[in-house]
Peer 1: 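Would you mind keeping the following structure in view while I ask a few things?
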Amino acid sequence: MKQETLQEWLASSALAGSNQAYIEDLYEIYLDNPAQVEPSWREIFSRFAKTTYPEQAHSKIREAFKKQVQQSHVLRATSHTEQHATDLMRFIDAYRSQGHQFANTNPLSEIREAEDLHWQHYGFHSQDLSQTFNLPHTVNQQTQMTLQALAEKLHQSYCQTLSAEFDYADRHEQKWLQAQLEQDRPIFTAQQQQQFLQELIAAEGLERYLGAKFTGAKRFSLEGSDAFILLVKEIIRTSAHNNVEEIVFGMAHRGRLNMLVNVFGKKPQALFDEFAGKMQYTGSGDVKYHQGFSSDFVTDTARIHLNLAYNPSHLEIVSPVIQGAVRARQDRIHDTERTKVMAVTVHGDSALAGQGIVQETLNMSKTRGYTIGGTIRIVINNQIGFTTSNPQDTRSMYYCTDVAKMIGAPVLHVNGDDAEAVVRAAHLAVAYRQTFHKDIFIDLVSYRRHGHNEADEPAMTQPLMYQKIKRHPTVAQQYATFLQENRTLSAEQVNAMKEDYRQGLENNATMVSEWAEPSENGKYWSKALLTTKWDNPKDHVTAKQFKALALAVSDYPEDHVLHNRVKKVYADRRLMAEGKKPFDWGMGETMAYATILTEGHNVRLSGEDAGRATFSHRHAALHSQQNAEVYYPLQHLGQPQGHFEVWDSMLSEEGVLAFEYGYASTAPQTLTLWEAQFGDFANGAQMVVDQFISSGEQKWGRMCGLTMLLPHGYEGQGPEHSSARLERYLQLCAEDNMQVCVPTTPAQIYHLLRRQILRNVRRPLIVMTPKSLLRHPLAVSEQKDFLHGGYQTVIGEVDPLIANDITRIIFCTGKVYYDLLEQRRQQGLNHIAIIRIEQLYPYPQKAIADIIKQYPQCHEAIWCQEEPQNQGAWWFIQSQLIATLPNNISLRYAGRPAAAATATGDAALHQMQQRKLVETALNS
C-alpha cells in the first residue's frame with residue numbers, strides 16, 4: 001500500500017476551524033509523551049513524523065495545519081472515542097483560556113453568562129455527565145474523571161473569585177500555572193484565618209480612625225480595596241519562606257498611609273503629626289502620602305528587609321526607579337540568581353493602562369542590563385480613573401492589565417472581597433516569580449468607597465456605581481461573618497479585635513507585630529552622610545600607575561579581530577599611552593574609569609549605544625568581526641579592580657534614566673552614568689529630572705550621585721541635535737542640589753568624573769559633553785595634565801598675553817571657546833582674554849573674581865554663547881557675573897537672538913549665525 005503523505009492525510013482529515021488548537025495541543029502532547037495520546041492519533045502522528053517532517057520541525061507542521069484549516073470546511077468524524085477526546089480537549093482549553101472572563105472577580109458586578117464554557121456547547125449530552133473519560137490533559141493530577149466532576153473542577157479552578165490569564169505565556173509556564181490553579185483549594189487553619197481577619201480589620205480601622213480624627217483631610221483612602229494590606233503582608237511572609245532577604249516596594253499614593261502603618265510599622269503618632277502640620281523638615285519636605293520608609297519584618301523562620309520608595313504624584317514613574325534600586329541591591333550582595341532581592345510595584349488601574357512609562361519598564365524587564373528576575377505587580381483596580389472617568393474612557397483594552405501580554409506575563413484576577421482568594425493569589429505570585437524569574441500581575445478587583453480624595457463626591461458622575469458601594473459591606477465585615485457562621489470566631493471576639501486596634505492607635509503602638517528595627521540602617525551611606533558640603537578630595541595618580549593603566553586599556557587579545565576603524569582608535573590609544581600622542585576625549589574618559597576601578601569603586605554606564613557611544617569616541621565594548629564576541633578592556637586592568645559594566649539600553653530616556661537614578665541612589669560606591677544619545681533627547685525624561693534628580697534630596701533626604709552625560713554643541717545639525725537644554729538644568733539649581741559642568745578638555749572630563757566618586761557627598765552631576773570637540777585638534781591633553789591638580793571650575797587665559805593690555809574679557813562655556821580662540825589668534829586681538837567657566841553650578845564666584853583681578857585695565861565683559869539668548873546659560877549667569885564684576889566693568893551679551901526652537905536646521909544659516917556671534921564677541 002502506498003504510504004500516506006502529510007498533505008494526503010490533511011486533505012481527508014477531520015479538520016475544521018474549531019479543531020485547529022486541539023490538533024496543535026495534541027501533537028505537543030505526543031512529542032512530550034506518546035503514551036498520553038489516543039492510539040489512533042498516535043498512529044497518525046507516528047506515520048507522518050517519520051515520512052514528511054522530522055519531529056523538531058513542528059512549526060512547519062503547524063503551518064501545514066493552518067493552511068489546510070483555511071481550505072477545509074468538511075468535518076469527517078473518525079470514531080466516537082476520538083470525537084470525545086477532541087470535545088474534551090476543546091472543553092478544557094475553553095476554561096483555561098476564557099474562564100477569567102466569566103469568573104466571579106468583580107465585587108460590584110453580576111457574573112456573566114458562560115455559554116461558551118457549558119459542556120453542551122462541546123457536543124456532550126446529559127447522559128454523558130456520569131460517564132468516566134480519559135482526559136487528554138491531566139486535571140488536578142487526574143487522568144480520568146466523569147464529565148460532571150470535570151465540569152465542576154474546571155468551574156472551581158477558573159470561574160470563582162480567583163482566576164488567571166496565561167494562554168499567551170510560555171508553554172512550560174502555562175502547564176505550571178494550570179497545575180497550580182487546578183489543584184484543590186488550600187484549607188487554612190483557624191489561627192491563619194484569625195490573622196487574616198486582624199489584618200483586614202487593621203486596614204479598615206486605620207482609614208475610619210483617620211476619617212474621624214481628620215475629617216475632610218486628604219489621605220487617598222484604601223477603603224474598598226482593604227484586602228490590599230492582607231495581600232502585601234502575605235507576599236512578604238511567603239517571600240521570606242522562599243529565601244527572599246529584601247523587598248523594595250514602589251507605589252503611588254492610594255493606600256500608602258495604610259501601608260506605612262499596617263505593613264511597615266510606622267508609628268501612628270508620626271502620621272498624626274503630619275496631618276496636624278507638626279513635622280519639621282531639613283529641606284522642603286513633601287506631603288505625607290509621598291513618604292518612604294524602611295523596616296524589617298520578622299517571621300517565625302526568617303527576617304526580611306522592606307523598603308518603600310519615595311514617590312511623587314506622577315504615579316507610575318516610581319516603577320523603573322525601584323527596578324534600578326533592586327538591581328543595585330542584587331549586585332551589592334552578588335545575587336546573580338536574582339532570588340534574594342525582589343521588587344513589588346503597586347499600580348492604579350487607570351494609570352497602568354494610560355501611562356507609557358509602564359510599557360518602557362516592562363520592555364526593560366528581560367533585557368540583560370536591567371533585568372531583576374521578575375517583579376510582582378499589584379493593581380489596585382478600583383474601576384474608576386481619577387474622579388470621574390468611566391473605564392470605557394480610560395483604556396481601549398478589555399482589562400487594564402492587558403499591557404502584561406507584551407512580555408507574556410500572567411495575570412491573576414482576584415475578587416477583593418474574598419480574603420482567602422487574595423491569600424492564594426499572593427502565594428501563587430511569589431511561587432511563580434521565584435520559579436520563572438519573570439513578572440507577574442495581580443489584578444485586585446475592588447472599588448473606591450470615597451472619591452479620588454476625601455473631598456470629592458464621586459456620585460455626581462458615577463451615581464449607579466456609588467449606590468451599590470453605599471450598600472456594599474466591607475471585606476472585613478464579610479470575612480468576619482464567614483468566620484462567625486463557621487464558628488471560628490464569635491461576634492465578641494471580632495469586636496474585641498476592632499477595639500484592640502483602635503486602642504493601639506490611641507496608645508501610639510507599633511501596629512505590626514512582625515516589625516523590627518531595620519538592619520541596614522544606612523550603613524552603605526555612612527561615608528556620604530558625613531557631610532552635606534562640597535568637598536574637594538585629593539586626586540593623585542602616580543605617573544607609573546597612570547601609564548600602566550593607559551597601556552592596559554589600549555590592549556586587547558590578538559585573536560580578537562576588530563573593525564578597521566576601531567583598530568585605528570586603539571592604535572592611537574597605544575601611542576597616547578606611550579607618550580607619543582596627546583590624549584583625546586575618549587582616552588581621557590576611559591582613563592577616568594580605569595583609575596576609579598583600580599581604587600576599588602564600581603562603574604556602571606548605560607544609554608543608547610553607550611558601549612561605542614553615539615559619536616564613536618568611547619569603544620568600551622569591542623566586538624569581534626569574526627564571531628561577534630565582546631571584549632571589555634576595562635574589565636581586564638591587570639590588577640585588583642572594581643566591577644565595570646556598560647549597557648546599550650533600549651530606545652528609552654524616561655524609563656532608563658529612572659532606572660539609573662534608582663541604581664545610583666542605592667549604590668553610593670558605584671559611579672553610575674547615563675548618557676543621552678543626544679543631549680536634546682533627555683527632555684523625554686524631564687519628569688525624572690524634575691521630580692527625582694533635582695529635588696529628591698530636598699524633598700525626601702535621598703542622596704544620589706548619578707552622572708548624566710548630555711552631548712551638547714551647535715554644529716548645524718538642527719533643533720533636535722544641538723542643545724541639551726542647559727537652561728533647564730540651571731533653572732532647577734538651588735540649595736547646592738546638584739552640579740552642572742561643561743568640561744572642554746580630556747583632562748577636565750577625567751578629573752570631573754574622578755571628583756564625582758572621590759567626594760564624600762553624593763549629588764547628581766549634569767555634564768554637557770561635546771560632539772565635534774571629541775576629535776578637535778585643540779581639545780587634547782598631555783599626560784601631565786592628568787597627573788596633577790583636579791577639576792578646574794574656571795580655566796583662565798591659555799595664551800601668553802600681557803595682563804595690563806587686556807581691556808575686554810569674554811566669558812564663555814563649551815565648544816564656542818575654540819571658535820573664539822582660533823578667530824582671536826587669526827586676528828591678533830591680544831587685548832581680549834577668553835575665560836572658560838567649566839562649572840556653572842555651584843557658581844565658582846571666588847575663582848572668577850580672582851581671574852578678573854589679574855586684568856586691572858579691563859573695562860568690559862562679554863558673555864558669549866552659541867544658544868539663543870532665551871536659552872543656554874545667559875539668564876542664569878548674567879546676575880552672577882554682574883555681582884562678581886567690579887563696578888567699572890560692564891557686561892554685554894553676544895550670541896544668537898532669542899528663538900522658539902533651539903537651533904536652525906539650515907547648515908548655511910547656522911554657519912552665518914556662528915560667524916556673527918563670534919565676530920560680535922571679538923569686535924563689536
Side-chain angles (χ1 to χ4, degrees), residues 107-108 161 186-217 219 221-234 236-237 255 257-272 275 297 300 382 414-424 426 444 446-450 454 468-515:
L108 298 182
T161 50
I187 298 174
F188 298 108
T189 66
Q191 184 179 3
Q192 287 175 308
Q193 291 177 322
Q194 182 173 334
Q195 183 179 47
F196 301 159
L197 180 60
Q198 284 178 325
E199 287 163 1
L200 295 173
I201 286 173
E204 181 180 318
L206 178 67
E207 299 293 356
R208 293 197 171 187
Y209 188 90
L210 293 175
K213 190 176 182 71
F214 304 102
T215 304
R219 54 191 165 93
S221 164
L222 186 63
E223 289 169 276
S225 304
D226 313 68
F228 168 72
I229 296 300
L230 171 58
L231 174 62
V232 170
K233 294 193 76 171
E234 201 61 30
I236 296 169
R237 283 190 283 263
L257 303 184
N258 215 308
M259 181 90 150
L260 286 167
V261 172
N262 287 322
V263 176
F264 279 80
K266 181 174 182 174
K267 283 297 188 82
Q269 192 58 50
L271 178 61
F272 302 158
F275 271 100
F297 195 96
D300 53 349
N382 50 43
V414 61
N415 191 316
D417 273 1
D418 187 339
E420 295 187 6
V422 168
V423 170
R424 285 183 63 212
L444 182 66
S446 46
Y447 55 92
R448 196 174 68 201
R449 192 163 289 277
H450 304 292
E454 285 61 39
K468 287 183 181 179
I469 289 173
K470 286 180 180 179
R471 299 191 300 266
H472 198 78
T474 68
V475 59
Q477 291 170 339
Q478 293 180 60
Y479 195 54
T481 300
F482 168 76
L483 295 183
Q484 290 171 46
E485 290 175 349
N486 285 275
R487 301 184 182 278
T488 304
L489 287 172
S490 66
E492 290 74 19
Q493 288 174 304
V494 172
N495 290 332
M497 285 183 188
K498 295 178 181 178
E499 180 59 24
D500 286 346
Y501 184 81
R502 193 188 67 79
Q503 286 295 330
L505 294 176
E506 294 280 1
N507 297 329
N508 195 30
T510 300
M511 307 308 295
V512 181
S513 60
E514 302 94 337
W515 177 88

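Both backbone and side-chain heavy atoms feed into the values below; hydrogens, waters and symmetry mates do not.
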Peer 1: To check you understand the geometry: which heavy-atom pair defines the closest contact between T510 and G265, and what is its length?
Peer 2: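 Taking every non-hydrogen atom into account, CG2-O, 3.9 Å.
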Peer 1: Will you find, in the side chains of Q484 and Q493, an N or O donor that is under 3.5 Å from an N or O acceptor?
Peer 2: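 Distance-only check fails for Q484 and Q493.
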Peer 1: Ignoring hydrogens and angles, state whether a donor on the side chain of E499 or Q503 is under 3.5 Å from an acceptor on the partner side chain.
Peer 2: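 The answer is yes; a qualifying pair exists.
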Peer 1: Could you go step by step and tell me if E204 and L200 meet the side-chain contact (heavy atoms from CB on, under 4.5 Å) rule?
Peer 2: CA-CA 6 Å; E204 181 180 318; L200 295 173; over 6 Å; no
Peer 1: Can you tell me how far apart CE (M259) and CG (L206) are? Round to the nearest 0.5 Å.
Peer 2: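 Going from the CE atom of M259 to the CG atom of L206 covers 13.5 Å.
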Peer 1: Given side-chain contact (heavy atoms from CB on, under 4.5 Å), test L483 with V494 step by step and report yes or no.
Peer 2: CA-CA 9 Å; L483 295 183; V494 172; over 6 Å; no
Peer 1: Does the Lys NZ or Arg CZ of K213 fall within the cation-pi geometry relative to F275 - under 6.0 Å from the ring centre and within 45° of the axis?
Peer 2: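 The answer is no; the distance or angle limit is not met.
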Peer 1: Tell me whether R449 is salt-bridged to E207, with the criterion being a basic N under 4.0 Å from an acidic carboxylate O.
Peer 2: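 Here R449 does not pair with E207 in a salt bridge, since their nearest N and O are not under 4.0 Å apart.
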Peer 1: From E234 CD over to R237 CZ, what is the distance, rounded to the nearest 0.5 angstrom?
Peer 2: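 Interatomic distance, E234 CD to R237 CZ, rounded to 0.5 Å: 4.5 Å.
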Peer 1: Could you work out, with ring-ring contact (aromatic ring centres under 6.0 Å, His included) as the rule, every residue matching Y479, not counting sequence neighbours?
Peer 2: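 ring-ring contact (aromatic ring centres under 6.0 Å, His included) check on Y479 returns F482.
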Peer 1: About how many Å separate CD of E199 and CD of Q194, when rounded to the nearest 0.5 Å?
Peer 2: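 Answer rounded to 0.5 Å: 11.0 Å.
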Peer 1: Rounded to the nearest 0.5 Å, how far apart are CD of E223 and CG of N382?
Peer 2: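 Between E223 CD and N382 CG, I get 12.5 Å after rounding to 0.5 Å.
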Peer 1: Answer yes or no: is there a donor N or O on one side and an acceptor on the other, between the side chain of N415 and the main chain of D417, under 3.5 Å?
Peer 2: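 Here the side-chain-to-backbone pair exists.
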Peer 1: What is the distance from atom CG of L197 to atom CD of Q478, rounded to the nearest 0.5 Å?
Peer 2: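 If I round to the nearest 0.5 Å, the distance is 12.0 Å.
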Peer 1: Take E514 and K233, measure what side-chain contact (heavy atoms from CB on, under 4.5 Å) needs, and give me the verdict at the end.
Peer 2: CA-CA 10 Å; E514 302 94 337; K233 294 193 76 171; 3.4 Å; yes
Peer 1: Side chain to side chain donor-acceptor pair (under 3.5 Å) with R424: which residues, sequence neighbours excluded?
Peer 2: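 If we apply the side chain to side chain donor-acceptor pair (under 3.5 Å) test to R424, skipping adjacent residues, there are no hits.
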Peer 1: Residues two or more places apart in sequence or in another chain: which of them pass ring-ring contact (aromatic ring centres under 6.0 Å, His included) with Y501?
Peer 2: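 Expected list: none.
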Peer 1: Can you tell me how far NZ of K267 sits from CG of L505, rounded to the nearest 0.5 angstrom?
Peer 2: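 Result: 12.0 Å between the selected atoms.
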Peer 1: In sequence, state the C-alpha distance, the side-chain angles, and the governing distance for Q193 and L489, and then conclude on side-chain contact (heavy atoms from CB on, under 4.5 Å).
Peer 2: CA-CA 9 Å; Q193 291 177 322; L489 287 172; over 6 Å; no
Peer 1: For T161 and A421, work out which heavy atoms get closest and say how close.
Peer 2: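 In this case the closest contact between T161 and A421 is OG1-CB, 3.4 Å.
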Peer 1: What are the two closest non-hydrogen atoms of V422 and V414, and how far apart are they?
Peer 2: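 Here V422 and V414 meet closest at N-CG2, 3.7 Å.
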Peer 1: To check you understand the geometry: which heavy-atom pair defines the closest contact between G416 and L444, and what is its length?
Peer 2: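 Of all heavy-atom pairs spanning G416 and L444, the closest is CA-CD1, 3.8 Å.
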